[in-house]
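Take a look at the structure below.
Being a predicted model, the structure only gives us computed values, none of them experimental.
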Number of protein chains: 2
Amino acid sequence: MTHPEHRLQEMVQRLKKKGLRITPQRLAVLGILARSADHPGVDRIYEQVKTDFPTTSLATVYKTLVLMKELGEVLEIEFSDTGNRYDGNKPYPHPHLICTECHKIIDPDLDTLAHMTRELTRDTGFKIVSHRLDFFGICPECQKKGVASEK
Amino acid sequence: MTHPEHRLQEMVQRLKKKGLRITPQRLAVLGILARSADHPGVDRIYEQVKTDFPTTSLATVYKTLVLMKELGEVLEIEFSDTGNRYDGNKPYPHPHLICTECHKIIDPDLDTLAHMTRELTRDTGFKIVSHRLDFFGICPECQKKGVASEK
DNA sequence: TTGGCTGCAAATATTTTGCACTGGC
DNA sequence: GCCAGTGCAAAATATTTGCAGCCAA
(Lines give C-alpha, C1' and ligand atoms only; values in the text may rest on other atoms or scores of the structure.)
Protein backbone atom coordinates (compact mmCIF):
# COMPACT_ATOMS: atom_id res chain seq x y z
CA MET A 1 0.00 0.00 0.00
CA THR A 2 2.96 2.32 -0.62
CA HIS A 3 1.75 3.80 -3.90
CA PRO A 4 -2.03 3.61 -4.22
CA GLU A 5 -2.20 5.54 -7.46
CA HIS A 6 0.54 3.47 -9.00
CA ARG A 7 -1.22 0.30 -7.95
CA LEU A 8 -4.43 1.63 -9.48
CA GLN A 9 -2.64 2.26 -12.76
CA GLU A 10 -1.24 -1.25 -12.68
CA MET A 11 -4.72 -2.68 -12.41
CA VAL A 12 -6.06 -0.38 -15.11
CA GLN A 13 -3.22 -1.36 -17.44
CA ARG A 14 -3.99 -4.99 -16.76
CA LEU A 15 -7.57 -4.48 -17.92
CA LYS A 16 -6.51 -2.55 -21.01
CA LYS A 17 -3.98 -5.19 -21.98
CA LYS A 18 -6.76 -7.74 -21.78
CA GLY A 19 -8.98 -5.61 -23.99
CA LEU A 20 -11.43 -5.05 -21.14
CA ARG A 21 -13.21 -1.76 -20.62
CA ILE A 22 -12.40 0.89 -18.07
CA THR A 23 -15.80 2.03 -16.93
CA PRO A 24 -16.32 4.68 -14.25
CA GLN A 25 -17.78 2.02 -11.96
CA ARG A 26 -14.80 -0.25 -12.39
CA LEU A 27 -12.40 2.61 -11.92
CA ALA A 28 -14.17 3.50 -8.69
CA VAL A 29 -13.98 -0.07 -7.35
CA LEU A 30 -10.33 -0.44 -8.34
CA GLY A 31 -9.52 2.92 -6.79
CA ILE A 32 -10.98 1.84 -3.49
CA LEU A 33 -9.11 -1.44 -3.61
CA ALA A 34 -5.85 0.33 -4.40
CA ARG A 35 -6.25 2.88 -1.62
CA SER A 36 -7.50 0.51 1.08
CA ALA A 37 -5.03 -0.91 3.55
CA ASP A 38 -7.69 -2.56 5.67
CA HIS A 39 -9.04 -5.24 3.35
CA PRO A 40 -12.60 -3.98 2.82
CA GLY A 41 -15.63 -6.20 2.39
CA VAL A 42 -18.14 -6.01 -0.45
CA ASP A 43 -20.52 -3.86 1.56
CA ARG A 44 -17.86 -1.27 2.40
CA ILE A 45 -16.66 -1.17 -1.19
CA TYR A 46 -20.25 -0.74 -2.34
CA GLU A 47 -20.92 2.12 0.07
CA GLN A 48 -17.75 3.92 -0.92
CA VAL A 49 -18.30 3.48 -4.63
CA LYS A 50 -21.75 4.99 -4.31
CA THR A 51 -20.36 8.23 -2.89
CA ASP A 52 -18.38 8.70 -6.11
CA PHE A 53 -20.78 7.04 -8.48
CA PRO A 54 -24.26 6.83 -6.92
CA THR A 55 -25.91 4.66 -9.57
CA THR A 56 -23.49 1.77 -9.14
CA SER A 57 -25.15 -1.54 -8.27
CA LEU A 58 -24.05 -4.22 -5.86
CA ALA A 59 -23.98 -6.71 -8.73
CA THR A 60 -21.38 -4.64 -10.53
CA VAL A 61 -19.18 -4.58 -7.47
CA TYR A 62 -19.41 -8.36 -7.26
CA LYS A 63 -18.74 -8.75 -10.95
CA THR A 64 -15.71 -6.50 -10.79
CA LEU A 65 -14.32 -8.43 -7.84
CA VAL A 66 -14.82 -11.75 -9.61
CA LEU A 67 -13.08 -10.35 -12.67
CA MET A 68 -10.10 -9.03 -10.73
CA LYS A 69 -9.83 -12.26 -8.80
CA GLU A 70 -9.65 -14.15 -12.09
CA LEU A 71 -6.93 -11.80 -13.30
CA GLY A 72 -5.05 -12.44 -10.09
CA GLU A 73 -5.13 -8.76 -9.18
CA VAL A 74 -7.22 -9.12 -6.07
CA LEU A 75 -6.96 -11.55 -3.18
CA GLU A 76 -10.17 -12.82 -1.63
CA ILE A 77 -10.04 -13.66 2.04
CA GLU A 78 -12.94 -15.93 2.87
CA PHE A 79 -15.13 -15.52 5.93
CA SER A 80 -18.40 -17.36 5.96
CA ASP A 81 -19.76 -15.42 8.92
CA THR A 82 -18.73 -11.80 8.47
CA GLY A 83 -18.47 -11.83 4.68
CA ASN A 84 -15.42 -12.03 2.46
CA ARG A 85 -12.73 -9.38 2.43
CA TYR A 86 -10.58 -8.16 -0.44
CA ASP A 87 -6.97 -7.12 -0.86
CA GLY A 88 -6.05 -5.30 -4.05
CA ASN A 89 -2.56 -4.37 -2.93
CA LYS A 90 -1.08 -7.73 -2.14
CA PRO A 91 -3.04 -10.09 -4.40
CA TYR A 92 -1.02 -13.09 -3.26
CA PRO A 93 -1.36 -15.26 -0.15
CA HIS A 94 0.09 -13.72 2.98
CA PRO A 95 -0.56 -13.87 6.71
CA HIS A 96 -3.36 -11.78 8.13
CA LEU A 97 -3.94 -10.51 11.59
CA ILE A 98 -7.66 -10.18 12.27
CA CYS A 99 -9.33 -8.50 15.19
CA THR A 100 -12.24 -10.62 16.35
CA GLU A 101 -13.91 -7.56 17.78
CA CYS A 102 -13.81 -4.87 15.06
CA HIS A 103 -12.86 -7.22 12.21
CA LYS A 104 -9.93 -5.06 11.28
CA ILE A 105 -7.39 -6.89 9.13
CA ILE A 106 -3.74 -5.96 8.96
CA ASP A 107 -0.70 -7.56 7.32
CA PRO A 108 2.03 -8.55 9.73
CA ASP A 109 5.45 -9.45 8.32
CA LEU A 110 7.01 -12.56 9.76
CA ASP A 111 8.71 -15.73 8.61
CA THR A 112 8.02 -18.78 10.70
CA LEU A 113 5.04 -19.99 12.67
CA ALA A 114 7.04 -21.04 15.72
CA HIS A 115 7.70 -17.55 17.04
CA MET A 116 4.88 -15.87 15.24
CA THR A 117 2.41 -15.64 18.06
CA ARG A 118 4.99 -14.25 20.42
CA GLU A 119 6.19 -11.85 17.74
CA LEU A 120 2.68 -10.70 16.96
CA THR A 121 1.80 -10.11 20.57
CA ARG A 122 4.97 -8.09 21.07
CA ASP A 123 4.78 -6.07 17.86
CA THR A 124 1.09 -5.31 17.62
CA GLY A 125 -0.26 -5.57 21.12
CA PHE A 126 -2.92 -7.90 19.81
CA LYS A 127 -4.13 -10.53 22.18
CA ILE A 128 -3.86 -13.61 19.98
CA VAL A 129 -6.81 -15.86 20.56
CA SER A 130 -6.61 -18.23 17.68
CA HIS A 131 -5.17 -18.63 14.23
CA ARG A 132 -5.93 -20.10 10.87
CA LEU A 133 -3.31 -21.78 8.75
CA ASP A 134 -4.39 -23.48 5.57
CA PHE A 135 -2.42 -24.72 2.64
CA PHE A 136 -4.15 -25.05 -0.72
CA GLY A 137 -2.92 -27.55 -3.20
CA ILE A 138 -3.69 -30.56 -5.28
CA CYS A 139 -3.35 -34.04 -3.79
CA PRO A 140 -1.44 -36.79 -5.60
CA GLU A 141 -4.62 -38.56 -6.72
CA CYS A 142 -6.08 -35.42 -8.24
CA GLN A 143 -2.77 -34.51 -9.88
CA LYS A 144 -2.94 -37.77 -11.82
CA LYS A 145 -6.56 -37.30 -12.79
CA GLY A 146 -5.83 -33.74 -13.84
CA VAL A 147 -3.19 -34.73 -16.40
CA ALA A 148 -5.72 -36.01 -18.88
CA SER A 149 -8.79 -33.94 -18.10
CA GLU A 150 -7.89 -30.30 -17.70
CA LYS A 151 -11.16 -28.73 -16.63
CA MET B 1 -8.90 -39.67 15.37
CA THR B 2 -7.21 -42.50 17.25
CA HIS B 3 -10.18 -43.50 19.40
CA PRO B 4 -13.48 -42.47 17.80
CA GLU B 5 -15.65 -44.11 20.44
CA HIS B 6 -13.65 -42.57 23.23
CA ARG B 7 -13.91 -39.19 21.60
CA LEU B 8 -17.67 -39.68 21.28
CA GLN B 9 -17.91 -40.47 24.98
CA GLU B 10 -15.91 -37.36 25.78
CA MET B 11 -18.37 -35.22 23.90
CA VAL B 12 -21.35 -36.98 25.46
CA GLN B 13 -19.91 -36.48 28.93
CA ARG B 14 -19.40 -32.83 28.13
CA LEU B 15 -23.09 -32.47 27.35
CA LYS B 16 -24.16 -34.37 30.45
CA LYS B 17 -21.92 -32.29 32.68
CA LYS B 18 -23.58 -29.22 31.27
CA GLY B 19 -27.01 -30.64 31.97
CA LEU B 20 -27.79 -30.85 28.26
CA ARG B 21 -29.79 -33.69 26.77
CA ILE B 22 -28.46 -36.61 24.82
CA THR B 23 -31.01 -37.08 22.07
CA PRO B 24 -30.70 -39.72 19.36
CA GLN B 25 -30.19 -36.97 16.77
CA ARG B 26 -27.39 -35.38 18.74
CA LEU B 27 -25.79 -38.73 19.39
CA ALA B 28 -25.87 -39.43 15.66
CA VAL B 29 -24.26 -36.10 14.77
CA LEU B 30 -21.60 -36.46 17.46
CA GLY B 31 -20.90 -40.01 16.36
CA ILE B 32 -20.25 -38.87 12.82
CA LEU B 33 -18.00 -36.07 14.01
CA ALA B 34 -16.05 -38.45 16.22
CA ARG B 35 -15.58 -41.03 13.50
CA SER B 36 -14.74 -38.64 10.66
CA ALA B 37 -11.13 -37.95 9.84
CA ASP B 38 -11.93 -35.92 6.76
CA HIS B 39 -13.63 -32.86 8.23
CA PRO B 40 -17.16 -33.28 6.84
CA GLY B 41 -19.42 -30.43 5.79
CA VAL B 42 -23.00 -29.87 6.97
CA ASP B 43 -24.47 -31.61 3.95
CA ARG B 44 -22.40 -34.75 4.44
CA ILE B 45 -23.21 -34.86 8.14
CA TYR B 46 -26.88 -34.41 7.33
CA GLU B 47 -26.91 -37.23 4.79
CA GLN B 48 -25.13 -39.59 7.13
CA VAL B 49 -27.33 -38.77 10.09
CA LYS B 50 -30.41 -39.53 8.04
CA THR B 51 -29.28 -43.08 7.35
CA ASP B 52 -29.31 -43.73 11.11
CA PHE B 53 -32.12 -41.42 12.06
CA PRO B 54 -34.23 -40.58 8.98
CA THR B 55 -36.46 -37.92 10.55
CA THR B 56 -33.56 -35.66 11.52
CA SER B 57 -33.79 -32.14 10.08
CA LEU B 58 -31.06 -29.96 8.68
CA ALA B 59 -31.86 -27.34 11.30
CA THR B 60 -31.04 -29.79 14.05
CA VAL B 61 -27.68 -30.55 12.50
CA TYR B 62 -26.92 -26.85 12.38
CA LYS B 63 -28.11 -26.34 15.93
CA THR B 64 -26.00 -29.21 17.20
CA LEU B 65 -22.93 -27.84 15.44
CA VAL B 66 -23.48 -24.38 16.89
CA LEU B 67 -23.83 -25.91 20.34
CA MET B 68 -20.68 -27.99 20.06
CA LYS B 69 -18.77 -25.03 18.70
CA GLU B 70 -19.83 -23.01 21.72
CA LEU B 71 -18.68 -25.80 24.02
CA GLY B 72 -15.37 -25.81 22.20
CA GLU B 73 -15.81 -29.44 21.20
CA VAL B 74 -15.94 -28.84 17.48
CA LEU B 75 -13.74 -26.71 15.23
CA GLU B 76 -15.38 -24.91 12.36
CA ILE B 77 -13.25 -24.33 9.29
CA GLU B 78 -14.78 -21.56 7.21
CA PHE B 79 -15.16 -21.69 3.46
CA SER B 80 -17.48 -19.19 1.88
CA ASP B 81 -17.52 -21.00 -1.45
CA THR B 82 -17.67 -24.72 -0.73
CA GLY B 83 -19.36 -24.49 2.65
CA ASN B 84 -17.91 -24.81 6.12
CA ARG B 85 -16.27 -27.96 7.38
CA TYR B 86 -16.16 -29.42 10.88
CA ASP B 87 -13.58 -31.19 12.99
CA GLY B 88 -14.80 -32.95 16.11
CA ASN B 89 -11.51 -34.68 16.84
CA LYS B 90 -9.14 -31.79 17.09
CA PRO B 91 -11.40 -28.92 18.18
CA TYR B 92 -8.49 -26.50 18.39
CA PRO B 93 -6.74 -24.48 15.67
CA HIS B 94 -4.30 -26.50 13.62
CA PRO B 95 -2.93 -26.43 10.07
CA HIS B 96 -5.00 -27.98 7.34
CA LEU B 97 -4.00 -29.32 3.98
CA ILE B 98 -6.85 -28.90 1.53
CA CYS B 99 -7.11 -30.37 -1.93
CA THR B 100 -8.52 -27.75 -4.28
CA GLU B 101 -9.82 -30.49 -6.53
CA CYS B 102 -11.69 -32.96 -4.30
CA HIS B 103 -11.84 -30.69 -1.24
CA LYS B 104 -10.33 -33.36 0.93
CA ILE B 105 -8.92 -31.97 4.17
CA ILE B 106 -6.15 -33.64 6.12
CA ASP B 107 -4.11 -32.61 9.14
CA PRO B 108 -0.38 -32.37 8.52
CA ASP B 109 1.94 -32.12 11.51
CA LEU B 110 4.65 -29.51 11.27
CA ASP B 111 6.14 -26.70 13.29
CA THR B 112 7.29 -23.70 11.33
CA LEU B 113 6.05 -21.99 8.20
CA ALA B 114 9.50 -21.55 6.66
CA HIS B 115 9.99 -25.14 5.63
CA MET B 116 6.37 -26.12 5.64
CA THR B 117 5.68 -25.98 1.94
CA ARG B 118 8.77 -28.01 1.13
CA GLU B 119 7.91 -30.44 3.91
CA LEU B 120 4.33 -30.81 2.76
CA THR B 121 5.31 -31.43 -0.83
CA ARG B 122 7.80 -34.07 0.25
CA ASP B 123 5.59 -35.82 2.80
CA THR B 124 2.22 -35.77 1.11
CA GLY B 125 2.91 -35.47 -2.59
CA PHE B 126 0.51 -32.53 -2.67
CA LYS B 127 1.24 -29.83 -5.17
CA ILE B 128 1.01 -26.76 -2.97
CA VAL B 129 -0.71 -23.98 -4.84
CA SER B 130 -1.52 -21.52 -2.13
CA HIS B 131 -1.98 -21.23 1.59
CA ARG B 132 -4.00 -19.44 4.19
CA LEU B 133 -2.55 -18.25 7.44
CA ASP B 134 -4.72 -16.18 9.73
CA PHE B 135 -4.31 -15.22 13.32
CA PHE B 136 -7.37 -14.35 15.33
CA GLY B 137 -7.08 -12.03 18.23
CA ILE B 138 -8.17 -8.81 19.82
CA CYS B 139 -6.42 -5.58 18.91
CA PRO B 140 -5.17 -3.16 21.58
CA GLU B 141 -8.03 -0.72 21.00
CA CYS B 142 -10.67 -3.40 21.40
CA GLN B 143 -8.94 -4.87 24.42
CA LYS B 144 -9.40 -1.54 26.18
CA LYS B 145 -13.00 -1.18 25.12
CA GLY B 146 -13.69 -4.75 26.16
CA VAL B 147 -12.63 -4.20 29.79
CA ALA B 148 -15.77 -2.29 30.66
CA SER B 149 -18.34 -3.68 28.24
CA GLU B 150 -18.18 -7.44 28.13
CA LYS B 151 -20.69 -8.31 25.44
C1' DT C 1 -21.09 0.91 -34.35
C1' DT C 2 -21.08 -2.83 -31.23
C1' DG C 3 -20.38 -6.07 -27.94
C1' DG C 4 -18.84 -5.74 -23.24
C1' DC C 5 -20.76 -3.69 -19.08
C1' DT C 6 -24.32 -1.98 -16.02
C1' DG C 7 -28.48 -2.12 -13.26
C1' DC C 8 -32.43 -4.24 -11.73
C1' DA C 9 -34.78 -8.07 -10.33
C1' DA C 10 -35.23 -12.79 -9.78
C1' DA C 11 -32.88 -16.91 -8.64
C1' DT C 12 -29.52 -19.57 -5.70
C1' DA C 13 -27.37 -21.18 -1.84
C1' DT C 14 -26.59 -21.31 2.89
C1' DT C 15 -27.61 -20.63 7.58
C1' DT C 16 -30.75 -18.80 11.08
C1' DT C 17 -35.02 -18.28 13.49
C1' DG C 18 -40.00 -18.71 15.31
C1' DC C 19 -42.99 -21.68 17.20
C1' DA C 20 -45.97 -25.66 18.31
C1' DC C 21 -45.17 -30.26 19.50
C1' DT C 22 -42.47 -33.91 21.67
C1' DG C 23 -39.66 -36.75 24.48
C1' DG C 24 -35.25 -37.02 27.58
C1' DC C 25 -34.33 -36.94 32.24
C1' DG D 1 -44.29 -33.41 34.22
C1' DC D 2 -41.19 -29.86 32.80
C1' DC D 3 -38.64 -27.64 29.61
C1' DA D 4 -34.86 -28.42 26.36
C1' DG D 5 -34.75 -30.10 21.79
C1' DT D 6 -36.84 -31.24 17.31
C1' DG D 7 -38.94 -30.41 12.82
C1' DC D 8 -41.02 -27.60 9.60
C1' DA D 9 -41.43 -23.54 7.32
C1' DA D 10 -40.43 -18.83 6.89
C1' DA D 11 -36.86 -15.48 7.19
C1' DA D 12 -32.39 -13.60 6.84
C1' DT D 13 -27.79 -13.41 4.36
C1' DA D 14 -24.81 -13.55 0.79
C1' DT D 15 -23.77 -14.15 -3.90
C1' DT D 16 -25.00 -15.25 -8.72
C1' DT D 17 -27.46 -14.86 -12.95
C1' DG D 18 -30.64 -13.36 -16.91
C1' DC D 19 -31.55 -9.84 -19.75
C1' DA D 20 -32.72 -5.27 -21.77
C1' DG D 21 -30.54 -1.03 -22.45
C1' DC D 22 -26.28 1.69 -22.49
C1' DC D 23 -21.72 3.41 -23.45
C1' DA D 24 -16.40 2.85 -23.77
C1' DA D 25 -13.35 2.01 -27.37
Could you identify which residues of residues 45-60 of chain A place a heavy atom less than 4.0 Å from some atom of DNA chain D, listed by residue number, or say none?
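Those residues whose heavy atoms fall under 4.0 Å from DNA chain D, taken from residues 45-60 of chain A in numerical order, are A/Ala59.
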
Please list residues of residues 63-76 of chain A whose heavy atoms come under 4.0 Å from any atom in DNA chain D, ordered by number; otherwise none.
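Hits under 4.0 Å, by residue number: A/Lys63.
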
Give a yes or no answer on whether the side chain of A/Thr60 reaches the backbone of A/Thr56 with a donor-acceptor pair at less than 3.5 Å.
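No; judged by distance alone, with no hydrogens or angles, the pair does not exist.
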
For the backbone of A/Lys90 and the side chain of A/Arg7, can you confirm whether one donor and one acceptor N or O come within less than 3.5 Å of each other?
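Not at all, since once roles are kept as given, no pair shorter than 3.5 Å links the two residues.
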
Under-4.0 Å side-chain N/O to phosphate OP1/OP2 contact, [X] with [N]:
X	N	value
A/Arg26	C/dC5	yes
B/Tyr62	C/dT15	yes
A/Asn84	D/dA14	no
A/Gln25	D/dC23	no

Go through D/dG7, D/dA4, D/dA24 for me and flag the one nearest to the A/Thr23 side chain.
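The answer is D/dA24, which lies nearest to the side chain.
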
Between C/dT6 atom C1' and A/Leu15 atom CG, what is the distance in whole Å?
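Taking CG of A/Leu15 and C1' of C/dT6, I get 15 Å after rounding.
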
Nearest-angstrom distance from the residue atom NZ of A/Lys18 to P of D/dA25:
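It is 17 Å, rounded to the nearest whole Å.
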
Pair B/Glu78, B/Asn84: side-chain N/O donor-acceptor within cut-off below 3.5 Å:
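No, because no side-chain N or O of B/Glu78 sits under 3.5 Å from a partner of the opposite role on B/Asn84.
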
